[in-house]
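Atoms considered below: every heavy atom in the structure, side chains included; atoms not considered: hydrogens, waters and symmetry mates.
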Amino acid sequence: MDYKKYRRGYFMPQGNNSSWVDKEYLDKAPIWCSVDLRDGNQALITPMNLEQKLEFFKILCNIGFKEIEVGFPAASQTEFDFIRTLIEKNLIPDDVTIQVLTQARPHIIDKTFEALKGAKSVICHLYNSTSVAQREQVFKKSKQEIIDLAVSGASYAVNLAKNFDGKVTFEYSPESFSGTEPEYALEVINSVLEVFKPTKTNKVIINLPVTVELSLPHIYAKQVEYISKNMNYRENVIISLHPHNDRGTAIADGELGLLAGGDRIEGTLFGNGERTGNGDIITFAMNLYSHGIDPKLNFDNMPEIIKLYEKLTQMKVPPRQPYVGELVYAAFSGSHQDAIAKGMAYRASGMADYWNVPYLAIDPKDVGKEYMADVIRINSQSGKGGVSYLLESVYGYEIPIGMREELGYTVKGFSDNLHKELQNDEVLDIFKNAYINLDNPIKLNDYSFNKNKDNYNVILEVQKGGTIRRLSGKGNGMLDSVSNAIKHGLGYHYILTDYKEHAKEVGSNSLAISYVSITIGDKKIWGVGEDEDIASSSIKALLSAINRQFKEV
C-alpha cells in the first residue's frame, strides 16, 4: 500500500470567519430534494423500469418530498417516457415540483424541454464539471473555456424557457465542486448567475456537490461558507448541497454545510448512489427529529418503505443502517437490556417529560419498530433485564428482582449451547420447562386446609416415585404449613425465603402466578406455579423449587 502516491486533492478557502462553528444545532429542516429516481437509479445494477419508477415516485410523494429529481431525459428512452407519463397522466401532485438533469449542451437541453412540455412547475438542473482533474484530464479545456461552456448552456436554457408554459426554476451545479478551487468555482457560479439574474420571486438554485469526498467535513463546510458569503445575488439564491459518501461522512458534510450557509439537501433514501452512495436523507431527517425538530418528512411506516425500496431497487438495507436497520435498536447485551428495561419503566411511570431512554436515541415505535421484536433480543450475551422484560411485556409474567439473575443465566445458557438468537416463544418455553409447575420427583395430587386460631393445618397428597404419600403439617400461613409438611414428611431441609404472586390475564380468564424461593446454605432456588387457584399456584411454585433442587433424589 503506497500511501505516498496520494495527496490532498481539495482546496481550503482563505479568509473565512467561520462563525458557523459556534452554532449548536440545526433549528429547522432544509429544503429536501430526492434524487433517488436519477442519481440513485443510475447506480443500480439493473435500473428501474417505467412501472417501478412510477411506484417509487408515489412512495416519495407519500413521504412528503416536495422536490423530486425524476431523471435525465436525454439519457435514455425510459427516462424520457417516465417523465412524459408523469405529466400526461397527471401523476404529479400540485405541491410537488419535478426536477430534471441536463448537461449544459444545446441538443441535450432541447431534449430536456421536450420531455417537460405540459408540466406546471419544474426545476431545470444544468451542470458541467469544473474540477482541476476534469479540466485537465477529461475536457482538456482552460478555465475560461469551462466558464464559456457553463454560460452558453445557461443562456440557451433561459431562451428556451421563455416559451415554456409552466414555471421554470433553474439550478446550476459546478460538478466536482469538491475538487475545484473555491475562487474559481465562485467565478463560474457568478458568471452563470449573471445569465439567470435571479430575483426574490424567481430564485435560482446553486448546487455545490461533493461529487467525490476529498476532505474532512469541516473543509467542505468552509467551501460552502466561502461561496455563500461571496456570491452575487445571495439573497435570491438557494444554496443546495449534494454530498456523496466516499469517505463515509456524507451526513456530516451535509449537516456542517447547512450550518455554514446551505439551504437545501439533495440525497436518496438509505444513501443509494454511485460508489459508496449519496447522503442518506432518512438519516439527515431523523437526526433533526431526534433533536426535537420537525423534519417535514414522514417515516412512521419504515418497515413498509424498506420493503418497497428493496423490491424496486434490488438493494438491501444494511442491518446497522442508522435509525432503520433491522438491528439498530436491538440490545443483546445484558447491561444494555437492563438499562433499557429500567428506562422504559421510568418513562411508563410518567416521570419523563422527554424521550431519554438509555441506548435508544429515539422511540423505535416512531419508525414502525416494536420493542420486543426489534429492541430486546435474546442471545448468549443477554442478561436478567432483557429476559425479564420480554416475559413481562409479551407474556405478562412479573419476574421477582431476586429471580432475574438466575433466570437470565438459565436462558442465555440455552442460547450459548445452541449458538443462536432465541425467539420469544423459545424463551417462554425455556422458562416454562425450567421453572413452572415442575412435578418430578414430587407431584401434587390434592390438598385441604383448616385454620385453627393463628395456625393453618394442611393435609397434602403427593406422588413421589410412583408412591402416593399423605403428608400433614401446620404453619402460620398456608404456604408455611405446606412447606413444613414436605420437610417433615419427606425429609428435605431448606428455608422458605421468598414469595410473590400476581394475576395474569389470559383471554377472558385470569391465572394466578406464584414465585417461591428456597435457600439451602448460600444457594437460592426459584420455582414458579401457575393455576386458576392462588393456593394451588403457590403450592406448585414451592414444589417446582423443591423439584429443581432435589430432582436427582
Q: In Å, rounded to the nearest 0.5 Å, how long is the span from CG of L269 to OG1 of T313?
A: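 L269 CG to T313 OG1: 9.5 Å, rounded to 0.5 Å.
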Q: For T180, is there any backbone N or O sitting under 3.5 Å from a side-chain donor or acceptor partner on T130?
A: no
Q: Mind running side chain to side chain contact (heavy atoms under 4.5 Å, CB included) on F164 and V122 for me, showing each step along the way?
A: CA-CA 10 Å; F164 189 78; V122 300; 4.1 Å; yes
Q: Between R8 and S215, is there a side-chain donor-acceptor contact under 3.5 Å, judged purely by atom types and distance?
A: no
Q: Which heavy-atom pair separates V328 from Q321 by the least distance, and what is that distance?
A: CG1-O, 2.8 Å
Q: Do V192 and F170 have side chains that get closer than 4.5 Å, going by heavy atoms?
A: no
Q: Would a 4.5 Å heavy-atom cut-off, applied to side chains only, mark L186 and E183 as touching?
A: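 When only atoms from C-beta onward are counted, E183 and L186 do not touch, as no gap falls below 4.5 Å.
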Q: Does the pair D81/K89 count as a salt bridge with the N-to-O cut at 4.0 Å?
A: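 K89 and D81: not salt-bridged.
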Q: Using the side chain to side chain contact (heavy atoms under 4.5 Å, CB included) rule, take L360 and W355 through it: C-alpha gap first, then chi angles, then the decisive distance, then the call.
A: CA-CA 9 Å; L360 296 178; W355 181 266; 4.0 Å; yes
Q: Using side-chain heavy atoms (C-beta onward) and a distance below 4.5 Å, is I59 in contact with Y309?
A: no
Q: Taking atom OH of Y289 as the centre, report whether more than 12 heavy atoms of other residues, nucleotides or ligands fall under 6.0 Å from it.
A: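 Not buried by this count: 12 neighbours or fewer within 6.0 Å.
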Q: I need the minimum non-hydrogen distance between C124 and V168, along with the two atoms involved.
A: CB-CG1, 4.2 Å
Q: Is the closest basic N to carboxylate O distance between K307 and E310 below 4.0 Å?
A: no
Q: Would the distance check show the side chain of N272 and the main-chain N or O of G40 forming a donor-acceptor pair, the cut-off being under 3.5 Å?
A: yes
Q: What distance do D246 atom CG and E274 atom CD have between them, rounded to the nearest 0.5 Å?
A: 10.0 Å
Q: Using a cut-off of 6.0 Å, state whether more than 12 heavy atoms not belonging to Q77 lie near its atom CD.
A: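 Counting other residues, nucleotides and ligands, CD of Q77 exceeds 12 neighbours.
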Q: Between CH2 of W20 and NZ of K222, what distance do you get to the nearest 0.5 Å?
A: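 Reported value, rounded in 0.5 Å steps: 7.0 Å.
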Q: Using every non-hydrogen atom in the two residues, find where E69 and L37 come nearest and quote the distance to one decimal.
A: O-CB, 3.5 Å
Q: For the CD1 atom of I265 and the OG atom of S240, what is their distance to the nearest 0.5 Å?
A: 7.0 Å
Q: Verify, without hydrogens or angle tests, whether W32 (side chain) and G64 (backbone) share a donor-acceptor contact under 3.5 angstrom.
A: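 Between the backbone of G64 and the side chain of W32 there is no qualifying donor-acceptor contact (under 3.5 Å).
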Q: In this structure, are over 12 heavy atoms from other groups packed under 6.0 Å from D95 atom CG?
A: yes
Q: Which heavy atom of L241 sits nearest to which heavy atom of G254, and what is that distance?
A: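 Closest approach of L241 to G254, heavy atoms only: CD1-O, 3.6 Å.
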Q: Within a reach of under 6.0 Å around NZ of K203, are more than 12 heavy atoms found that belong to other residues, nucleotides or ligands?
A: yes
Q: Is any side-chain heavy atom of Y389 closer than 4.5 Å to one of Q337?
A: no
Q: Please determine whether a side-chain nitrogen of the Lys or Arg among K4 and D2 lies less than 4.0 Å from a carboxylate oxygen of the Asp or Glu.
A: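 Salt bridge absent between K4 and D2.
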Q: Got more than 12 heavy atoms from elsewhere within 6.0 Å of NZ, K58?
A: no
Q: Short question: side chain of S178, backbone of V210 - any donor-acceptor pair under 3.5 Å?
A: no
Q: Donor-acceptor pair, distance only, cut-off 3.5 Å: does the side chain of R234 make one with the backbone of V237?
A: yes
Q: Would L216 and T249 count as a side chain to side chain contact (heavy atoms under 4.5 Å, CB included) here? Give the steps.
A: CA-CA 8 Å; L216 295 173; T249 56; over 6 Å; no
Q: Does D165 have more than 12 heavy atoms from other residues, nucleotides or ligands lying within 6.0 Å of its CG?
A: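 Not more than 12 within 6.0 Å, no.
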Q: State whether the side chain of D39 and the backbone N or O of G273 hold a donor-acceptor pair below 3.5 Å, judged by distance alone.
A: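 Side chain of D39 to backbone of G273: no pair is present.
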Q: Given L312 and E55, is the side chain to side chain contact (heavy atoms under 4.5 Å, CB included) satisfied, shown in steps?
A: CA-CA 8 Å; L312 296 173; E55 187 173 0; 3.5 Å; yes
Q: Kindly say whether the aromatic ring centers of Y359 and H336 come within a distance under 6.0 Å.
A: yes
Q: Pairing donors with acceptors under 3.5 angstrom, does anything connect the side chains of Q99 and E266?
A: yes
Q: Is S131 reaching over with its side chain to a backbone N or O of Q134, donor-acceptor style, under 3.5 angstrom?
A: yes
Q: Should L258 and F284 count as side-chain neighbours, where that means a heavy-atom distance under 4.5 Å?
A: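 They are not in side-chain contact.
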Q: Kindly check if the number of other-residue, nucleotide or ligand heavy atoms within 6.0 Å of CG (D294) is above 12?
A: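 Yes.
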Q: To the nearest 0.5 Å, tell me how far E235 CD sits from N232 CG.
A: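 Reported value, rounded in 0.5 Å steps: 9.5 Å.
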Q: Test your reading of the model: is there a side-chain donor-acceptor pair from R105 to the backbone of G153, 3.5 Å cut-off?
A: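 Judged by distance alone, no pair lies under 3.5 Å.
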Q: Determine the minimum heavy-atom distance between C61 and V96, stating which atoms define it.
A: SG-CG2, 4.3 Å
Q: Can you tell whether the side chains of K143 and E181 come within less than 4.0 Å, N to carboxylate O?
A: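 Yes.
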Q: Are E79 and K53 close enough for a salt bridge, meaning some N to O gap below 4.0 Å?
A: yes
Q: Would you confirm whether K369, through its side chain, and V324, through its main-chain N or O, come within 3.5 Å as a donor-acceptor pair?
A: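 Answer holds: yes.
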Q: Does the side chain of Q144 come under 3.5 Å of the side chain of D148 through a donor N or O and an acceptor N or O?
A: yes
Q: Would you call the rings of Y127 and H125 parallel, tilted or perpendicular, where under 30° means parallel and over 60° means perpendicular?
A: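 Ring orientation of Y127 relative to H125: perpendicular.
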Q: Is the backbone of N49 close enough, under 3.5 Å, to the side chain of Q52 for a donor and an acceptor to pair up by distance?
A: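 Yes, Q52 side chain to N49 backbone: donor-acceptor pair under 3.5 Å.
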Q: State, with a plain yes or no, whether a side-chain heavy atom of F270 is found less than 4.5 Å away from one of I305.
A: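 They are in side-chain contact.
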Q: Does a side-chain heavy-atom distance below 4.5 Å link E213 with N245?
A: yes
Q: Can you tell me how far apart CG (L288) and CD (E255) are? Round to the nearest 0.5 Å.
A: 7.0 Å
Q: If you compare all heavy atoms of S129 against all heavy atoms of S176, which two are closest, and at what distance to 0.1 Å?
A: OG-OG, 2.7 Å
Q: Answer yes if the side chains of Y233 and N190 hold a donor-acceptor pair under 3.5 Å, and no otherwise.
A: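 No donor-acceptor contact under 3.5 Å links the two side chains.
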Q: Quick one: does Q314's side chain get under 4.5 Å of L44's, heavy atoms only?
A: no
Q: Might you confirm whether atom OH of Y25 has over 12 heavy atoms from other residues, nucleotides or ligands at distances under 6.0 Å?
A: no
